[in-house]
Protein chains: 2
Amino acid sequence: MPNERRRKIAQTSLLLQSFPQDIQETLLGLSSWREYDRGETLFLQGESAHAIHIVTDGWVKLYRIAPNGGEAVVNVFAKGESFGEAVAFRGHAYPVSAEAVTACEVMRIPSVALLEAMRKDPEIAVSVLASTFTHLHSLVAQLEQLKAQTGPQRVAEFLLGLCHQEEGSCVVTLPYDKFLIAGRLGMKPESLSRSFSKLKTVGVHINRNNAAIENIDRLREYSETDPVEAWHKAQ
Amino acid sequence: MPNERRRKIAQTSLLLQSFPQDIQETLLGLSSWREYDRGETLFLQGESAHAIHIVTDGWVKLYRIAPNGGEAVVNVFAKGESFGEAVAFRGHAYPVSAEAVTACEVMRIPSVALLEAMRKDPEIAVSVLASTFTHLHSLVAQLEQLKAQTGPQRVAEFLLGLCHQEEGSCVVTLPYDKFLIAGRLGMKPESLSRSFSKLKTVGVHINRNNAAIENIDRLREYSETDPVEAWHKAQ
DNA sequence: TTGGTCCCTTGACCATAGTCATGTCACGCG
DNA sequence: CGCGTGACATGACTATGGTCAAGGGACCAA
């Protein structure tokens with residue numbers, strides 16, 4: 001079994017990387033792994049939480065089903081990212097559901113194990129808090145996007161987040177299908193499609209699941225301009 | 001000075017209430033208080049954080065200014081609520097700005113003091129995490145509302161959150177001005193006004209800053225129905 | 001009482017995005 | 001090769017909510 005690979009990924013995950021070596025080992029020893037097929041459910045909102053999850057391969061989405069039936073995608077996690085930190089400690093109910101969007105592999109650290117580690121080394125608690133803060137921050141950023149930006153602007157920012165360059169041109173690969181991207185950005189697939197066409201006027205061209213960005217600065221400027229100005233530019 | 005009152009409120013705050021008596025005392029001793037006038041800024045996004053804030057009187061709003069100039073209200077905190085837990089420990093930059101929406105009084109616990117307390121008693125760390133989780137949860141709930149509910153439905157849910165009853169009828173007082181409520185719900189004051197008029201058809205009547213709810217169950221049902229159905233009901 | 005200000009409401013108009021229906025294109029299979 | 005399937009794009013129509021402008025009403029001070 002590819003146990004070494006899993007360990008390596010887990011150790012370089014955002015949550016565990018700052019832990020001392022010996023605590024990493026202990027936690028890895030107490031953890032379990034599981035593989036999921038695309039579409040499988042990891043847990044449902046309302047279930048009580050007893051473990052922290054770290055994605056070691058594939059993609060996992062967190063979503064919420066509103067009382068009226070609408071689905072809101074809260075976040076999508078890739079290899080090396082963790083979720084469920086804050087929920088697990090008090091055995092609270094998950095506020096969201098989790099589903100594999102590709103075949104994936106997930107490591108679970110029982111919350112009691114992490115609690116034990118926190119008792120030994122209070123620095124661990126700070127790391128967990130820092131990790132939770134990252135999630136808080138991402139949610140705040142999403143709220144800002146939804147409240148203060150138009151659809152095409154949100155798409156622009158999403159694309160900017162994918163290319164790890166500051167300027168020039170580049171080609172990025174869309175990480176998951178457009179249906180899910182649309183959900184993540186709070187819109188319908190049709191609107192995503194239309195947003196892509198609007199972005200042609202600022203030098204973005206979509207081909208299959210690749211997006212070619214002519215000029216990163218130009219796209220950033222577009223995502224940061226006032227909605228009403230943006231409208232004139234993208235006319 | 002009304003030092004006793006402050007202490008009492010701080011001790012019953014969501015963050016501190018579960019702490020052992022002696023740690024509460026230590027933290028209170030190391031904390032500072034400050035009063036703010038309406039409209040004053042507590043801190044701005046980008047500043048680095050070194051303290052946890054607890055509101056002991058009045059209301060404080062957390063908001064974010066997007067690059068395009070749009071304001072997104074992230075949350076509004078009342079007496080007894082705390083914010084900034086997760087940010088402070090690593091001296092990270094605040095992801096949001098804070099402003100007094102009424103005259104208010106805020107207690108600050110230096111993060112080093114809380115860190116010290118966490119070293120003494122790991123249970124403290126769990127409490128801080130639990131408090132952070134509450135914020136995470138509230139953000140997730142807001143995301144869901146924005147993505148999956150119409151304006152009037154969000155207003156309905158906001159009103160339901162204000163009345164601490166399960167059924168029957170009641171009158172609630174709007175806690176802050178309508179401009180801010182609109183921001184908190186991701187809409188313009190005009191839209192809030194229109195939402196209120198729509199809610200008349202499900203038995204909600206607004207008078208100055210009081211909202212009379214005829215039947216809580218009816219309002220809840222409205223907030224939970226499908227947007228397209230909701231439209232027919234509120235016609 | 002008068003006038004002024006502030007806050008909220010209302011109406012008209014329009015852009016953004018959702019819905020529904022249809023069209024296109026790549027891919028896999030017999 | 002034709003056919004079906006699934007993912008995506010596009011077009012027409014509609015509704016939700018933003019913008020701008022005007023109106024009402026509470027409150028305050030002269």
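Only a predicted model underlies this, so the values are computations on that prediction, with no experimental measurement involved.
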Item to check | With A/Ser82 via side chain to side chain donor-acceptor pair (under 3.5 Å) - residues at least two apart | outcome: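 Side chain to side chain donor-acceptor pair (under 3.5 Å) check on A/Ser82 returns A/Glu85.
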Item to check | side chain to side chain donor-acceptor pair (under 3.5 Å) against A/Glu71, all qualifying residues, sequence neighbours excluded | outcome: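 For A/Glu71 the side chain to side chain donor-acceptor pair (under 3.5 Å) partners, ignoring immediate neighbours, are A/Lys61.
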Next on the checklist: B/His92: which residues meet the ring-ring contact (aromatic ring centres under 6.0 Å, His included) condition with it, sequence neighbours left out?
Outcome noted: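 Scan of B/His92 (ring-ring contact (aromatic ring centres under 6.0 Å, His included), adjacent residues dropped) gives A/Phe133.
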Item to check | Student check: side-chain heavy atoms of A/Glu40 and A/Arg34 closer than 4.5 Å | outcome: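 Yes; the side chains approach each other to less than 4.5 Å.
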Rounded to whole Å, how long is the line connecting atom [atom1] of [X] with atom [atom2] of [N]?
| X | N | atom1 | atom2 | answer |
| --- | --- | --- | --- | --- |
| B/Asn207 | C/dC7 | CG | P | 18 Å |
| A/Leu146 | D/dG17 | CG | P | 14 Å |
| A/Gln145 | C/dT16 | CD | P | 18 Å |
| A/Asn209 | D/dC8 | CG | P | 9 Å |
| B/Leu185 | D/dT16 | CG | C1' | 16 Å |
| B/Leu199 | D/dT16 | CG | P | 13 Å |
| B/Lys198 | C/dT10 | NZ | P | 14 Å |
| A/Leu192 | C/dA17 | CG | C1' | 12 Å |

Item to check | Residues from residues 170-180 of chain B lying under 4.0 Å of DNA chain D - heavy atoms | outcome: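 By residue number: none to list.
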Item to check | Residues in side-chain contact (heavy atoms from CB on, under 4.5 Å) contact with B/Thr134, at least two apart in sequence or another chain | outcome: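 B/Thr134 satisfies side-chain contact (heavy atoms from CB on, under 4.5 Å) with no other residue.
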Item to check | Residues in side-chain contact (heavy atoms from CB on, under 4.5 Å) contact with B/Ala130, at least two apart in sequence or another chain | outcome: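 Testing B/Ala130 for side-chain contact (heavy atoms from CB on, under 4.5 Å), a comparison that skips the adjacent residues, returns A/Arg90.
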Sequence neighbours left out, cut at 3.5 Å: what donor-acceptor pairs do the side chains of residues 43-54 of chain A make with other protein atoms?
residue, atom, partner, partner atom, Å
A/Gln45, OE1, A/Ile65, N, 3.0
A/Gln45, NE2, A/Ile65, O, 3.3
A/Glu47, OE2, A/Leu44, N, 3.3
A/Ser48, OG, A/His50, NE2, 3.4

Per-pair distances, 0.1 Å, donor-acceptor, side chain in residues 170-177 of chain B, under 3.5 Å, sequence neighbours excluded:
residue, atom, partner, partner atom, Å
B/Thr173, OG1, B/Asn210, OD1, 2.9
B/Asp177, OD1, B/Phe179, N, 3.4
B/Asp177, OD1, B/Leu180, N, 3.0

Next on the checklist: If only side-chain N and O atoms count, and only distance matters, is there a donor-acceptor pair under 3.5 Å linking A/Gln17 with A/Thr12?
Outcome noted: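 Short answer, no.
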Next on the checklist: Under 4.0 Å from OP1 or OP2 of D/dC27: is there any side-chain N or O of B/Arg208 that close?
Outcome noted: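 Result: yes.
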Do any N or O atoms of the protein come closer than 3.5 Å to N or O atoms of nucleotides 10-14 of chain D, and which pairs are they?
residue, atom, partner, partner atom, Å
D/dG11, N7, A/Arg194, NH1, 3.2
D/dG11, O6, A/Arg194, NH2, 3.4

